[in-house]
Amino acid sequence: MKNDGFFTKVYEVTLLIPTGRVTTYGAIASYIGSPGAARMVGWALNNCQNQDEFIPAHRVVNRIGMLSGKQHFQGRNVMQQLLESEGISIVDNQVQNFEKHFWNPNQDLV
DNA sequence: CAGTTGACACCGT
DNA sequence: AACGGTGCCAACT
């Protein structure tokens with residue numbers, strides 16, 4: 001798995017996100033050991049579509065809980081549909097009760 | 001090898 | 001408080 005390195009880490013964490021929960025790019029970046037590389041996370045998720053495995057990238061949003069990456073999904077509101085399907089309310093491309101649904105990867109370590 | 005990119009985050013105005 | 005510009009790190013071309 002070191003072949004992909006950073007990318008794989010992002011995928012791993014993204015896959016670890018519990019259903020009905022969401023996280024931020026910065027949280028993932030910090031978890032993998034590169035705080036500030038939030039932009040990298042976005043790029044990894046962008047390539048995630050190239051991965052054979054499905055990555056729940058819809059559970060990853062920016063720090064304000066906005067579906068910034070929604071545009072990159074195949075469909076228009078696919079990202080929102082998936083989140084709503086998991087019990088998360090989305091309004092204006094923003095996650096309602098974001099803090100409530102927020103899941104910190106570091107918290108899983110404890 | 002060097003430059004540019006990228007689904008962000010933070011600081012300054 | 002809201003908006004804009006800059007900074008980060010790693011991968012891609």
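In what follows, every chain begins at residue 1, and chains take the letters A, B, ... in the order their sequences are listed.
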Which donor-acceptor pairs under 3.5 Å do side chains of residues 56-67 of chain A form with protein atoms, sequence neighbours excluded?
| unit_1 | atom_1 | unit_2 | atom_2 | d |
| --- | --- | --- | --- | --- |
| A:H58 | NE2 | A:E86 | OE2 | 3.1 |
| A:R59 | NE | A:E86 | OE1 | 3.1 |
| A:R59 | NE | A:E86 | OE2 | 3.1 |
| A:R59 | NH1 | A:I17 | O | 2.6 |
| A:R59 | NH2 | A:T19 | OG1 | 3.4 |
| A:R59 | NH2 | A:E86 | OE2 | 2.8 |
| A:N62 | OD1 | A:I64 | N | 3.4 |
| A:N62 | OD1 | A:G65 | N | 3.1 |
| A:N62 | OD1 | A:M66 | N | 2.7 |

Exercise for the section: Answer with base, sugar-phosphate or nothing: what part of the nucleic acid does A:A57 contact at a heavy-atom distance below 4.0 Å? Expected result: base
Exercise for the section: Determine yes or no for a side-chain-to-main-chain donor-acceptor pair under 3.5 angstrom, with A:D92 supplying the side chain and A:Q94 the backbone. Expected result: no
Fill in the blank from the handout: Atom OH of A:Y11 and atom C1' of C:dA10 are separated, to the nearest Å, by 12 Å
Exercise for the section: Without swapping roles, check the side chain of A:T14 against the backbone of A:V10 for a donor-acceptor pair under 3.5 Å. Expected result: yes
Practice task
For A:N62, report the nucleic acid contact type (base, sugar-phosphate, nothing); a contact means any heavy atom under 4.0 Å.
Solution key: sugar-phosphate
Practice task
Answer yes or no: does atom NZ of A:K70 have more than 12 heavy-atom neighbours from other residues, nucleotides or ligands under 6.0 Å?
Solution key: yes
Fill in the blank from the handout: Closest non-hydrogen contact found for A:Y25 with A:L45 is CE2-CD1, 3.7 Å
Handout entry: Integer-rounded Å distance: B:dA7 C1' and A:I55 CD1
Key = 14 Å
Exercise for the section: Would you sort out whether A:Q51 and A:Y11 count as a side chain to side chain contact (heavy atoms under 4.5 Å, CB included), showing the intermediate values? Expected result: CA-CA 9 Å; A:Q51 301 303 314; A:Y11 303 142; 3.6 Å; yes
Fill in the blank from the handout: By nearest-nucleotide position on DNA chain B, the 5'-leaning member of A:T24 and A:W43 is A:W43
Problem - Protein-nucleotide distance (A:R39, atom CZ; C:dC9, atom C1'), rounded to Å - result: 10 Å
Exercise for the section: Kindly point out which of B:dC10, B:dC8, C:dA10 is positioned nearest to the side chain of A:R63? Expected result: B:dC10
Exercise for the section: Return the value, rounded to whole Å, for the distance between atom NZ of A:K9 and atom P of C:dA10. Expected result: 10 Å
Problem - Interatomic distance, A:Q49 CD vs B:dG6 P [rounded to whole Å] - result: 14 Å
Exercise for the section: Mind running a 4.0 Å heavy-atom check of residues 70-95 of chain A against DNA chain B and sending the residues that fall below it, in number order? Expected result: A:H72, A:F73
Handout entry: A:I64 CD1 to C:dA2 P, straight-line distance once rounded to whole Å
Key = 12 Å
Practice task
Taking A:T24 for its side chain and A:A27 for its backbone only, find out whether a donor-acceptor pair lies under 3.5 Å.
Solution key: yes
Problem - N or O in side chain of A:N47 less than 4.0 angstrom from C:dC12 OP1/OP2 - result: yes
Practice task
Quickly work out the A:Y31 OH to B:dC8 P distance and round it to whole Å.
Solution key: 22 Å
Handout entry: Spacing between A:M66 atom CE and B:dC8 atom P, to the nearest angstrom
Key = 9 Å
Fill in the blank from the handout: Which of B:dC8, C:dA10, C:dC12 is nearest the side chain of A:M40? It is C:dA10
